[in-house]
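Along the sequence shown, residues carry numbers from 1.
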Amino acid sequence: SSDLLQLARKVRVDSGPNDPLLARLLAANGLCQAGLGAHQAARDFAQQARAVLDARPELAAYYRTPLQRLESRLAGAAR
């Protein structure tokens with residue numbers, strides 16, 4: 001997860017805050033956190049990824065799928 005987070009930071013700096021790869025990396029970090037039981041951290045990553053994707057509605061499912069998986073997992077954890 002720390003490697004993913006470092007890569008996400010690099011992408012944000014190099015490519016800007018709305019890069020689609022950033023959304024995938026943030027969602028992947030969230031999935032890692034959810035797997036560790038760190039649901040608040042996972043929700044934070046989901047929120048950040050959602051902001052990127054909302055700013056880029058034209059993005060393909062390839063970029064959206066990790067966030068959809070994360071949001072589904074978090075919804076299941078909230079029950």
Side-chain angles (χ1 to χ4, degrees):
S1 178
S2 66
D3 289 342
L4 287 174
L5 187 54
Q6 288 178 345
L7 184 55
R9 287 181 180 140
K10 181 168 177 29
V11 168
R12 187 185 312 258
V13 169
D14 292 350
S15 302
N18 292 330
D19 188 281
L21 179 58
L22 178 60
R24 278 188 64 88
L25 292 168
L26 291 167
N29 270 298
L31 286 165
C32 291
Q33 294 300 311
L36 294 171
H39 298 293
Q40 184 57 52
R43 281 190 286 279
D44 292 344
F45 282 117
Q47 183 179 22
Q48 293 174 56
R50 171 61 52 208
V52 173
L53 294 174
D54 285 350
R56 303 280 307 269
E58 77 281 3
L59 293 176
Y62 172 80
Y63 295 106
R64 297 184 176 282
T65 300
L67 179 60
Q68 291 167 345
R69 288 180 47 214
L70 175 56
E71 289 175 335
S72 176
R73 188 171 200 170
L74 290 171
R79 293 182 199 156

Interatomic distance, Asp44 atom CG to Asn29 atom CG [nearest 0.5 angstrom] | 11.5 Å
Which pair of non-hydrogen atoms, one from Leu26 and one from Val52, has the smallest distance, and what is that distance?
-> CD1-CG2, 4.5 Å
Taking only residues at least two apart or on different chains, which pairs with a member in residues 13-26 satisfy side-chain hydrogen bond (donor to acceptor under 3.5 Å, both in side chains)?
-> Lys10-Asp14
Partners meeting side chain to side chain contact (heavy atoms under 4.5 Å, CB included) with Arg43 (sequence neighbours left out) = His39, Gln40, Leu74
Of all residues at least two apart in sequence or in a different chain, which pass the salt bridge (charged side-chain N to carboxylate O under 4.0 Å, His left out) check with Arg50?
-> Asp54, Glu71
In chain order, what residues pass the side chain to side chain contact (heavy atoms under 4.5 Å, CB included) check against Gln47, with sequence neighbours excluded?
-> none
In Å, rounded to the nearest 0.5 Å, how long is the span from CD of Gln48 to CG of Leu25?
-> 11.5 Å
Under the salt bridge (charged side-chain N to carboxylate O under 4.0 Å, His left out) test, which residues partner Arg69, sequence neighbours left out?
-> none
Thr65 side-chain N/O to Ala61 backbone N/O, donor-acceptor pair under 3.5 Å = yes
Shortest non-hydrogen separation from Ala42 to Gly30 and the atoms involved = CB-O, 3.4 Å
Considering all heavy atoms, the nearest Leu31-Pro66 contact = CD1-O, 4.0 Å
Side chain to side chain donor-acceptor pair (under 3.5 Å) filter on Arg73, not counting sequence neighbours, yields none
Check the hydrophobic clustering (I, L, V, M, F, W, Y; side-chain heavy atoms under 4.5 Å; chains of links allowed) and say if Val13 and Leu4 are grouped together.
-> no
Under the side chain to side chain contact (heavy atoms under 4.5 Å, CB included) rule, collect the residues that match up with Ala51, sequence neighbours excluded.
-> none
Kindly write out the residues that satisfy side chain to side chain donor-acceptor pair (under 3.5 Å) with Arg56, not counting sequence neighbours, or none if the list is empty.
-> Glu58
If you take all heavy atoms of Phe45 and Leu5, which pair is closest and at what distance?
-> CE2-CD1, 3.8 Å
Measure across Pro17 and Leu22 and return the closest heavy-atom pair with its distance rounded to 0.1 Å.
-> O-CD2, 3.5 Å
Considering non-hydrogen atoms only, spot the tightest contact between Leu67 and Ala27 and give its length.
-> N-CB, 3.5 Å
At what distance, to the nearest 0.5 angstrom, does CG of Leu7 lie from OG of Ser2?
-> 11.5 Å
